[in-house]
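In this chain, residues are counted from 1 in sequence order.
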Amino acid sequence: MTEIARPDAANPYEPGLAGRFLRWCAKAYNAASEAEVIATMDERMISSIARDCSISPQDLVRLARAGPEAADEMLAMMRHLGIDPVEVLLQHPVLFRDMQLRCAKCSAKSRCRRDLANSNAGKEFGHYCGNSDELKGMRAQPNLLLD
């Protein structure tokens, strides 16, 4: 009988089939719910919220549609590269937000997740990651690295 790979702390991107399906359902539900809330707002309200978040109204709508985990790959990539996401957020909040937006809109998420799961991300991210220049720069700043 073939052993089914179980998720573990070292490889959080490889849950079992049921776990992957449930996570997909939860993401779809959350994204749909947030997108529905945004859809009920008038343009003035959307513009006001977007302004408070320092993003464009179009980006706000796009982020709502993408769901709450749209930039999780960025956080995982930072940790994989030895960068402390909390320090980046505290020291460079505008850059952090811009990187989240770029990640949320990224079309290479499948490759990113695969590379993170296979521990190849550190070697490959420069070929496809829209945040690669920023991430490379952060790796050179000791105050942004994980202990």
For K136, salt bridge (Lys or Arg N to Asp or Glu O under 4.0 Å) partners two or more places apart: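 Not a single residue meets the salt bridge (Lys or Arg N to Asp or Glu O under 4.0 Å) criterion with K136.
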Can you list the residues that meet the salt bridge (Lys or Arg N to Asp or Glu O under 4.0 Å) rule with D98, with sequence neighbours excluded? none
Return the set of residues passing side chain to side chain contact (heavy atoms under 4.5 Å, CB included) with [X] (not counting sequence neighbours), or none when no residue passes.
| X | answer |
| --- | --- |
| E43 | none |
| R111 | R114, D115, E124, H127, Y128 |
| D42 | R44, M45 |

With clusters defined by side-chain heavy atoms of hydrophobic residues (ILVMFWY) lying less than 4.5 Å apart, directly or transitively, does F96 cluster with L146? no
What about L145 and V86, same hydrophobic cluster or not, with Ile/Leu/Val/Met/Phe/Trp/Tyr joined at side-chain heavy-atom distances under 4.5 Å? no
Residue pair M78, D84: steps toward the side-chain contact (heavy atoms from CB on, under 4.5 Å) verdict: CA-CA 7 Å; M78 284 181 164; D84 186 342; over 6 Å; no
side-chain hydrogen bond (donor to acceptor under 3.5 Å, both in side chains) partners of E87, counting only residues at least two apart: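 side-chain hydrogen bond (donor to acceptor under 3.5 Å, both in side chains) check on E87 returns Q91.
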I'd like to know if the side chain of K105 reaches the main chain of D59, judged simply by a donor and an acceptor atom lying under 3.5 Å from each other, with no hydrogens or angles considered. no
Taking H80 for the side chain and G122 for the main chain, is one N or O donor matched with an acceptor at less than 3.5 Å? yes
Which heavy-atom pair separates [X] from [Y] by the least distance, and what is that distance?
| X | Y | result |
| --- | --- | --- |
| A108 | C106 | N-SG, 3.1 Å |
| A104 | A71 | N-CB, 4.4 Å |
| A50 | L60 | N-CD2, 3.8 Å |

Report the distance from atom [atom1] of [X] to atom [atom2] of [Y], rounding to the nearest 0.5 Å.
| X | Y | atom1 | atom2 | answer |
| --- | --- | --- | --- | --- |
| L75 | C103 | CG | SG | 8.0 Å |
| R102 | R97 | CZ | CZ | 10.5 Å |
| I46 | S56 | CD1 | OG | 11.0 Å |
| D52 | S47 | CG | OG | 11.0 Å |
| D133 | M138 | CG | CE | 11.0 Å |
| L144 | Q141 | CG | CD | 4.5 Å |

Could you give me the CA-CA distance, side-chain angles and deciding distance for M41 and I49, then say whether side-chain contact (heavy atoms from CB on, under 4.5 Å) is met? CA-CA 10 Å; M41 295 178 184; I49 293 169; 3.6 Å; yes
Working note: N120 + F125, criterion side-chain contact (heavy atoms from CB on, under 4.5 Å); need CA distance, chi angles, decisive distance, verdict. CA-CA 8 Å; N120 292 330; F125 77 100; over 6 Å; no
Passing candidate, side-chain contact (heavy atoms from CB on, under 4.5 Å) with N131, options M99, M77, E73: M99
